[in-house]
Asks: 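The structure that follows is given in the form of C-alpha cells.
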Amino acid sequence: MANTVLVGAQWGDEGKGKIIDVLTSEVDVVARYQGGNNAGHTVIIGDAKYVLHLLPSGMLHEGKQCVIGNGVVIDPTALAAEINELSEKGIDIGDRLLISDRAHIVFPYHGALDASREAACRKENKIGTTKRGIGPAYGDKMSRVGLRLGDLRDPAFPQLLTERMNEVNRVLEAMGAEPLDTAKLITGICEAARVIEPFIGDSITFLGEAVRDGKSILFEGAQGTMLDIDFGSYPFVTSSNSTAGGACTGTGVPPNKIDRVLGVIKTYTTRVGEGPFPTELTDEIGELLAREGNEFGATTGRPRRCGWFDAVVARYSAMINGFDVWAMTKLDVLDKLATIKICVAYECDGERYETVPGNVRILARCTPVYEEMPGWQSPTGDITVYEDLPQAARDYVERLVELTGVKLGILSVGAPRKSTLRVGM
Ligand code: GDP
Ligand code: IMO
Ligand code: MG
C-alpha cells in the first residue's frame, strides 16, 4: 500500500482505530504522530475489544512494526500499563515497538495543571479536556522546558526533573492546588521507565530507512481536524496538529514521501467535551444516534454529543488535509431513521457561510442550513458488498461524496473487521 496518512475529519472518534486495524495487514509499519493518551482507539477482533490510547492500533497485528513518533506526548505510567495489558492479553510486543527518544514526557504535574486550569481558571469557559495533561505537556515542549523520553537514560534525569518541579510546585500552589512530592514522582517515573526503556530509540532514522527501502507506512492520526490546534474550533481543541501535516513533523518523514491522505469520517457527527457544534441534536434523534452508535468516550467514558452530518466541516477538513479518499463509518447507526438531514451551509447574522469561520464565537452562533433525504429503515450491518446496500443508503453516501468532493474508498457498517465494504481502495 502507498504511504498513507489517516486523519479524523471531524471532532475525533470517527472510527480511526477500526480503519487502521483493517488497513494494517496491507502495510509494513504503523506510526502514530501526535496526541497522547487523550486518544481512545477501539478495535474489535472477534469477541475481544481493545482500546488503545498510546500504542498504535497496528500493534494488534502479529509481526507488524509500530512506531510512536516524536510528535506524540507520552505518559510513561500510562504507556507501561498499556504495554503490560496487551502482553497479558497474549499480544506479543517483542521488538515490534519503537518509541521515539524525542517524544516529550507527560508527567503527573501536567495532569494536575490541566485539571486545575479547567476548574480554577477557565470555570464556565472550560474546554472539557480529558485531564491527561496534554495541553501543559505540549506547552512545556513549546516553552522549551520539557523533558523527553531519551532524557530518562541520562544520569542527570532526577536532577533535571527536580529543577523543573521547583517551578511547577510554585505554579500549582499559586493556582490553589496541592504541590507534588518530587521524590515520589521520580520513583514512579523510574518504575514505568523500566517497562518502556527497551522500546525507546531513534525512530527518525528507523522511518527514514524504511522509506528508503520502499516499505509502506500507515500514519495513525489521533483526535480530528476540528480539534487541531491551528485549524480546529480554537480554543476548544487539543494541543497538537492532528491534521495531515502533523504526520511529517510528528515522525520526521518528509512531505514528498507521503503518497495519499485518507480521511475517516462518521456519516453523522459527534463531539466530546465543550465547544461549538452547529449540527448538535439535543432531542430524541440525538439520543437515538448516541444509543445506536454507543457514543461514549473510549478514554473518559463521557457521553458524546451527537448531531447530523456537517458537510461544511467535511469540506473544510478535506481542503486542509488534502483528502484523496474517504473511509466513511457507522452508516448502520442511521438504519432506523425515516429521514436524515445533512448540513450544507451555515447562517449567522444574515450571512451564509460555506466554510468554517475562524472565530469560535461566530461558529457558536451559526445555525445549519439543512437538506433532507429519506432514510432506508433496514439493517445494513451484515452487508458486505456496496451494491447490496438499500438504494436510499447508497443515495445518502453518494450525496456526501458529492457535497465533499472526495471519493469513497471504504464504507464501514459495523465495528467488527468483517463489516467493512471496500469500494474504491
Ligand atoms: P477513534 O478514536 O476514531 O478510533 O474512534 P473510537 O474507537 O473512539 O470510537 C468509534 C467507536 O465506533 C468504537 O466503539 C468502534 O468500535 C465503533 N465503530 C467503528 N466503526 C463502526 C461502524 O461502522 N459501525 C458501528 N456501529 N460502530 C463502529
Ligand atoms: P481520539 O483519538 C474525541 C477532546 C476532549 C476536549 C479537547 C481537549 O479517540 O479521536 P485534551 O485532553 O486533548 O486537552 O482535550 O479534545 N479530545 C477528544 N475528543 N476523541 C479524541 O481522541 C480526543 N482527544 C481529545 O474531549 O474536548
Ligand atoms: Mg476515540
Side-chain angles (χ1 to χ4, degrees), residues 6-22 32 34-45 48-54 56-57 72-73 75 106 110-111 113-115 117-118 122 126-139 220-229 232-240 242 263-268 270-277 289 291-305 327-335 379-381 383 410-421:
L6 181 145
V7 179
Q10 295 153 315
W11 274 281
D13 303 324
E14 295 89 350
K16 298 179 291 297
K18 175 197 159 156
I19 302 299
I20 288 155
D21 175 62
V22 165
R32 242 309 272 281
Q34 46 69 236
N37 62 330
N38 49 349
H41 297 174
T42 315
V43 180
I44 308 285
I45 305 175
K49 175 178 166 174
Y50 302 87
V51 183
L52 300 163
H53 302 284
L54 278 162
S57 304
V72 178
V73 289
D75 175 337
V106 182
H110 291 122
L113 284 171
D114 194 354
R117 243 176 227 161
E118 285 276 270
R122 298 194 188 110
K126 72 178 184 343
I127 293 167
T129 73
T130 59
K131 299 200 179 78
R132 299 294 191 270
I134 305 301
Y138 277 113
E220 173 169 345
Q223 288 81 50
T225 300
M226 292 304 290
L227 291 171
D228 182 283
I229 186 76
S233 47
Y234 190 91
F236 300 97
V237 293
T238 191
S239 295
S240 62
S242 45
V264 184
I265 193 157
K266 267 181 203 176
T267 46
Y268 53 99
T270 64
R271 170 162 212 175
V272 203
E274 308 301 320
F277 179 0
L289 294 174
R291 192 173 56 247
E292 297 295 319
N294 192 23
E295 295 294 359
F296 293 93
T299 296
T300 57
R302 290 178 292 176
R304 294 175 183 152
R305 299 154 66 192
M328 289 189 182
T329 61
K330 304 192 87 160
L331 185 74
D332 55 301
V333 173
L334 307 178
D335 282 351
T380 56
I383 293 174
I410 295 174
L411 182 65
S412 174
V413 292
R417 283 174 176 172
K418 65 173 173 53
S419 305
T420 312
L421 283 54

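For ligands, and for the atoms within them, numbers begin at 1 and follow the listed sequence.
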Asks: Considering both backbone and side-chain atoms of D13, is one of its nitrogen or oxygen atoms within less than 3.5 Å of a nitrogen or oxygen in ligand 2?
Replies: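 Yes, there is a polar N/O contact under 3.5 Å.
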Asks: Is any N or O atom of R302, backbone or side chain, closer than 3.5 Å to an N or O atom of ligand 2?
Replies: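 N/O-N/O distance under 3.5 Å: yes.
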Asks: Select the closest option to atom 21 (C) of ligand 1 among M328, E220, K330, judged by heavy-atom distance.
Replies: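 Among M328, E220, K330, the closest heavy atom to atom 21 (C) of ligand 1 belongs to K330.
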Asks: So which protein heavy atom does atom 7 (C) of ligand 2 come closest to, and at what separation?
Replies: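 Among all protein heavy atoms, the one nearest atom 7 (C) of ligand 2 is V237 O, 3.9 Å.
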Asks: Between the main-chain N or O of G40 and the side-chain N or O of T299, is there a donor-acceptor pair closer than 3.5 Å?
Replies: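 Flag set: sc T299 to bb G40 pair under 3.5 Å.
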Asks: side-chain contact (heavy atoms from CB on, under 4.5 Å) between V73 and I134: does it pass, once the steps are laid out?
Replies: CA-CA 7 Å; V73 289; I134 305 301; 4.1 Å; yes
Asks: Need the atom name: nearest N/O/S atom of D13 to the Mg ion (ligand 3).
Replies: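 Looking only at N, O and S atoms of D13, the one nearest the Mg ion (ligand 3) is named OD1.
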Asks: Does one side chain, of T129 or D114, offer a donor that lies under 3.5 Å from an acceptor on the other?
Replies: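 Present: a donor and an acceptor within the cut-off.
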Asks: Are K131 and E118 within salt-bridge range, i.e. N to O under 4.0 Å?
Replies: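 The answer is no: the pair does not qualify as a salt bridge.
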Asks: Is the backbone of D228 close enough, under 3.5 Å, to the side chain of Y234 for a donor and an acceptor to pair up by distance?
Replies: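 No: the side chain of Y234 does not pair with the backbone of D228.
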Asks: Would you mind running through ligand 2 and noting each atom that sits below 4.0 Å from a heavy atom of K16?
Replies: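 Under 4.0 Å from K16, ligand 2 has these atoms: 1 (P), 2 (O), 10 (O).
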Asks: Closer than 3.5 angstrom, by distance alone: can the side chain of T225 be matched with the main-chain N or O of Q10 as a donor-acceptor pair?
Replies: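 Between the backbone of Q10 and the side chain of T225 there is no qualifying donor-acceptor contact (under 3.5 Å).
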Asks: Considering distance alone, does some N or O of E14 sit under 3.5 Å from an N or O of ligand 2?
Replies: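 No, since none of the N or O atoms of E14 sits under 3.5 Å from an N or O of ligand 2.
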Asks: Identify, for atom 13 (O) of ligand 2, the protein heavy atom at the shortest distance, and state residue, atom and that distance.
Replies: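 So the nearest neighbour among protein heavy atoms is T238 OG1, 2.6 Å.
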Asks: I'd like to check which ligand 1 atoms, numbered from 1 as shown, lie under 4.0 Å from a non-hydrogen atom of K18.
Replies: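 Those of ligand 1 that fall under 4.0 Å from K18 are 20 (N).
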Asks: Does either side chain, that of S419 or that of K18, offer a donor lying less than 3.5 Å from an acceptor on the other one?
Replies: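 Checked: S419/K18 side chains show no N/O donor-acceptor pair below 3.5 Å.
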Asks: Taking a cutoff of less than 4.0 Å between a non-hydrogen atom of the residue and any ligand atom, is G293 in contact with ligand 1?
Replies: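 It does not, in that no heavy atom of G293 comes within the 4.0 Å cut-off of ligand 1.
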Asks: Determine whether a donor-acceptor pair (N or O, by modelled atom type, separation under 3.5 Å) exists between the side chain of R304 and the backbone of G293.
Replies: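 Side chain of R304 to backbone of G293: no pair is present.
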Asks: Measure the distance from atom 16 (O) of ligand 2 to every protein heavy atom, then report the residue, atom name and distance (to 0.1 Å) of the closest one.
Replies: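 Nearest protein contact, heavy atoms only, for atom 16 (O) of ligand 2 is L227 CD2, 3.6 Å.
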Asks: Is it the case that ligand 1 has an N or O less than 3.5 angstrom from some N or O of G12?
Replies: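 So ligand 1 has no N or O lying under 3.5 Å from an N or O of G12.
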Asks: Testing the 3.5 Å rule here: is there a donor-acceptor pair between the side chains of D335 and T380?
Replies: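 A donor-acceptor contact under 3.5 Å links the two side chains.
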Asks: Check whether any side-chain N or O of E220 sits under 3.5 Å from a backbone N or O of L6 as a donor-acceptor pair, and report yes or no.
Replies: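 Side chain of E220 to backbone of L6, a donor-acceptor pair under 3.5 Å: no, none is there.
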Asks: Please lay out, stage by stage, how E295 and Y268 fare under the test side-chain contact (heavy atoms from CB on, under 4.5 Å).
Replies: CA-CA 12 Å; E295 295 294 359; Y268 53 99; 2.5 Å; yes
Asks: Taking a cutoff of less than 4.0 Å between a non-hydrogen atom of the residue and any ligand atom, is W11 in contact with ligand 2?
Replies: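 Yes, W11 has a heavy atom closer than 4.0 Å to ligand 2.
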Asks: Would you check if the Mg ion (ligand 3) lies under 2.8 Å from any N, O or S atom of G40?
Replies: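 Yes, within the cut-off.
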Asks: Which is it for R271 and ligand 2 at heavy atoms under 4.0 Å: side chain, backbone, both or neither?
Replies: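 Neither; nothing of R271 gets under 4.0 Å from ligand 2.
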Asks: Can you figure out which of R117, Q223, E274 has its heavy atom closest to atom 1 (P) of ligand 2?
Replies: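 When every heavy atom of R117, Q223, E274 is considered, Q223 comes closest to atom 1 (P) of ligand 2.
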Asks: Counting only heavy atoms closer than 4.0 Å, does ligand 1 sit against the backbone of K16, its side chain, both, or neither?
Replies: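 For K16, the contact with ligand 1 is made by both the backbone and the side chain.
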Asks: Quick check: does any side chain N or O of K266 sit under 3.5 Å from a backbone N or O of D13, one acting as donor and the other as acceptor?
Replies: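 Pair found, side chain donor or acceptor close to backbone of D13.
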Asks: Of all the atoms in ligand 2, which lie at a distance below 4.0 Å from a heavy atom belonging to G273?
Replies: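 Near G273, the atoms of ligand 2 are 27 (O).
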Asks: Any idea which atoms of ligand 2 are less than 4.0 Å away from a heavy-atom of G128?
Replies: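 Matching atoms, with element in brackets: 5 (C), 6 (C), 26 (O), 27 (O).
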Asks: With a 3.5 Å cut-off and no angle check, do the side chains of T300 and R302 form a donor-acceptor pair?
Replies: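 A pair is found: one side chain offers a donor N or O, the other an acceptor, under 3.5 Å apart.
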Asks: Checking a contact table here: which protein heavy atom is nearest atom 15 (O) of ligand 2, and how many Å away?
Replies: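 Ranked first by proximity to atom 15 (O) of ligand 2 is T129 CA, 3.3 Å.
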Asks: Specify side chain, backbone, both or neither for V264, according to which of its non-hydrogen atoms lie closer than 4.0 Å to ligand 1.
Replies: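 It is neither part, as no heavy atom is under 4.0 Å.
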Asks: Is it true that a side-chain atom of R417 and a backbone atom of T420 form a donor plus acceptor pair closer than 3.5 Å?
Replies: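 No; judged by distance alone, with no hydrogens or angles, the pair does not exist.
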Asks: For ligand 2, which is the ligand I care about here, please tell me if R132 has any N or O atom under 3.5 Å from one of the ligand's N or O atoms.
Replies: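 Between R132 and ligand 2, no N or O pair is found under 3.5 Å apart.
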Asks: When you measure from atom 7 (O) of ligand 1 to each heavy atom in D335, T42, L411, which option holds the nearest one?
Replies: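 When every heavy atom of D335, T42, L411 is considered, T42 comes closest to atom 7 (O) of ligand 1.
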Asks: Write out the residue and atom name of the closest protein heavy atom to atom 6 (P) of ligand 1, then the distance separating them to 0.1 Å.
Replies: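 Scanning the protein heavy atoms, the shortest distance from atom 6 (P) of ligand 1 goes to G40 O, 3.6 Å.
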Asks: Return a yes/no value for G40: is any of its N or O atoms, backbone included, closer than 3.5 angstrom to an N or O of ligand 2?
Replies: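 In this structure, G40 places an N or O atom under 3.5 Å from an N or O of ligand 2.
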Asks: Consider every N or O of T130 and every N or O of ligand 2, then say whether any pair is closer than 3.5 Å.
Replies: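 Such a contact does occur with ligand 2.
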Asks: What do we get for E295 next to ligand 1 when only non-hydrogen atoms under 4.0 Å count, side chain, backbone, both or neither?
Replies: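 The answer is neither.
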Asks: Is any N or O atom of V272, backbone or side chain, closer than 3.5 Å to an N or O atom of ligand 2?
Replies: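 Such a contact does occur with ligand 2.
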Asks: Can you name the atoms of ligand 2, numbered from 1 with element, that are less than 4.0 Å from a heavy atom of A222?
Replies: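 Atoms satisfying the 4.0 Å criterion: 2 (O).
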Asks: Show your working on side-chain contact (heavy atoms from CB on, under 4.5 Å) between Q223 and N38 and close with a plain yes or no.
Replies: CA-CA 8 Å; Q223 288 81 50; N38 49 349; 3.1 Å; yes
Asks: State whether the shortest distance between N or O atoms of S239 and N or O atoms of ligand 2 falls below 3.5 angstrom.
Replies: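 N/O-N/O distance below 3.5 Å does not exist for this pair.
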